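For reference, the structure discussed in these notes is given below.
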2 protein chains.
Amino acid sequence: MNNNNIFIEKLRSAGLRPTKQRIKICKVLFDRKKTFHFTINYLKTLLQKKTDQKISQATVYNTINALTKKGHLKEISINCEKNYFDTNISSHHHFFNESTQELIDIDDSDIGKINIKKPLTGKKIKSIEILVKVANSN
Amino acid sequence: MNNNNIFIEKLRSAGLRPTKQRIKICKVLFDRKKTFHFTINYLKTLLQKKTDQKISQATVYNTINALTKKGHLKEISINCEKNYFDTNISSHHHFFNESTQELIDIDDSDIGKINIKKPLTGKKIKSIEILVKVANSN
DNA sequence: ACTCTAATTTAGAATCATTATAAATTAATA
DNA sequence: TATTAATTTATAATGATTCTAAATTAGAGT
């Protein structure tokens, strides 16, 4: 089976040439049922496993940065210990499980309305991000 | 005037020996009216300006990390572009002005109650952090 | 006050993630 | 197919942070 055309379209729509490296990266990122959270490091490992020819790390960085810039990925950071990316680009929030270092989506609709009582005047809100840090209760 | 005793107490209460380097750092951090947001880099610059003898960067990092670990500082990260620290350790949130890279406190009481409709079972919430990214509206 | 020891400071090296460089390769258009 | 602009690549450079090991210092005990 071949989803490549979907990825080619995705890349083209973002103004990126569909090279074989980028298509492979898209396959790892987007060819899955559930949304995917990853660090660049983990992605590099996955690519090495799933790929015959190696993809240089410069290409991985360039491609991920380009996809992020075009809005196909979302960047999330947890106190800079690790920089995660998320294939779920809808407006949503996160649990971060400190016990496992795992990141879990919280749907926007699963959080009640955020009421900012004193907005900054003369500024436009670009985004509201909530990070709920949790740990195993024991 | 001399607030040093206050800083010495603060350091001791955190189990840190009040060395002259640490006291100088405390002075820069805590001897102010308003809360203070800073990057390590900015702090190093300030210390260099306000100090006769230079403090090595290893000491700056060690001290800031120790104070953070003991809860005298709070760490905030904005997509890892920059890692900020905040002398305001009360439960609160932040505006981040993308136009100026400036970080502004939002008091906990200036945000309405956060309603997490589907909490994670078996996990304890450690913290909830809201980051409101804004930009100059023009 | 003096001695001793463990904590601390320090310069510099090491590490890690990320970005820049510049030459070789490739996609896509004519 | 030829051309050229984009892309990939290995490698070097950068920047932030941590490590190391030697020199210094704080503070407890004498």
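Source: prediction; values computed, not measured. The figures that follow rest on heavy atoms only: side chains count, while hydrogens, waters and symmetry mates do not. Chain letters run A, B, ... following the sequence lines, proteins first and then strands; every chain starts at 1.
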Requested in this report: Compare side-chain N and O positions of Thr59(A) against OP1 and OP2 of dT9(D) and report whether any pair is under 4.0 Å apart.
Outcome: yes

Query raised in the report: Short question: side chain of Ser99(B), backbone of Ala135(B) - any donor-acceptor pair under 3.5 Å?
Result: no

Report task. To the nearest 10°, let me know how far the axis at one end of the helix from dA1(C)-dT30(D) to dA30(C)-dT1(D) is tilted from the axis at the other, five pairs an end. Result -> 30°

Report summary line: Taken to the nearest whole Å, OH/Tyr42(B) to P/dG15(D) is 20 Å

Query raised in the report: Rounded to the Å, how far apart are Leu43(B) CG and dT17(D) C1'?
Result: 15 Å

Query - Donor-acceptor contact present, side-chain Lys74(B) to main-chain Asn88(B), <3.5 Å - result: no

Report task. Report the distance from atom NZ of Lys44(B) to atom P of dA11(C), rounded to the nearest whole Å. Result -> 12 Å

Query - Whole angstrom value for the distance that separates C1' of dA27(C) from CG of Leu11(A) - result: 13 Å

**Report entry** Full working for side chain to side chain contact (heavy atoms under 4.5 Å, CB included) between Asn115(A) and Lys117(A)
**Finding:** CA-CA 6 Å; Asn115(A) 176 17; Lys117(A) 298 176 185 168; 3.9 Å; yes

Query raised in the report: If you look at every strand shown and take non-hydrogen atoms under 4.0 Å, does Lys54(B) touch a base, only sugar-phosphate, or nothing?
Result: sugar-phosphate

Requested in this report: Output yes when a side-chain donor or acceptor of Arg22(B) lies under 3.5 Å from a complementary backbone atom of Arg17(B), and no otherwise.
Outcome: yes

Report task. Check step by step if salt bridge (Lys or Arg N to Asp or Glu O under 4.0 Å) holds for Glu129(A) and Lys133(B). Result -> CA-CA 8 Å; Glu129(A) 288 165 31; Lys133(B) 290 187 186 168; 3.5 Å; yes

Report summary line: Separation between CG (Leu11(A)) and CD1 (Ile6(A)), nearest 0.5 Å, reads 12.0 Å

Query raised in the report: Hey, are Ser109(B) and Asp107(B) close enough side-chain-wise for a donor-acceptor pair under 3.5 Å?
Result: yes

**Report entry** Value in whole Å for how far the C1' atom of dA24(C) lies from CD of Gln53(A)
**Finding:** 13 Å

Query raised in the report: Is it true that the side chains of Gln57(A) and Lys44(A) contain a donor and an acceptor less than 3.5 Å apart?
Result: yes

Report task. Let me know the distance between CD1 of Ile55(A) and P of dT26(C), rounded to the nearest Å. Result -> 14 Å

Query raised in the report: dT18(D) C1' sits how many Å from Lys69(B) NZ, rounded?
Result: 14 Å

Query raised in the report: Will you find, in the side chains of His92(B) and Asp108(B), an N or O donor that is under 3.5 Å from an N or O acceptor?
Result: no

Query - Flag side-chain contact, heavy atom, 4.5 Å: Leu16(A) against Leu67(A) - result: yes

Please list each protein N or O that sits under 3.5 Å from an N or O in nucleotides 13-17 of chain C, with the distance.
residue, atom, partner, partner atom, Å
dA17(C), OP1, Asn41(A), ND2, 3.1

Query raised in the report: Any chance the side chains of Lys124(A) and Asn136(B) put a donor and an acceptor closer than 3.5 Å?
Result: no

**Report entry** OP1 or OP2 of dT9(D) under 4.0 Å from side-chain N/O of Asn62(A)
**Finding:** no

**Report entry** For DNA chain C, the residues among residues 12-25 of chain B that have a non-hydrogen atom under 4.0 Å from it
**Finding:** Arg17(B), Thr19(B), Gln21(B), Arg22(B)

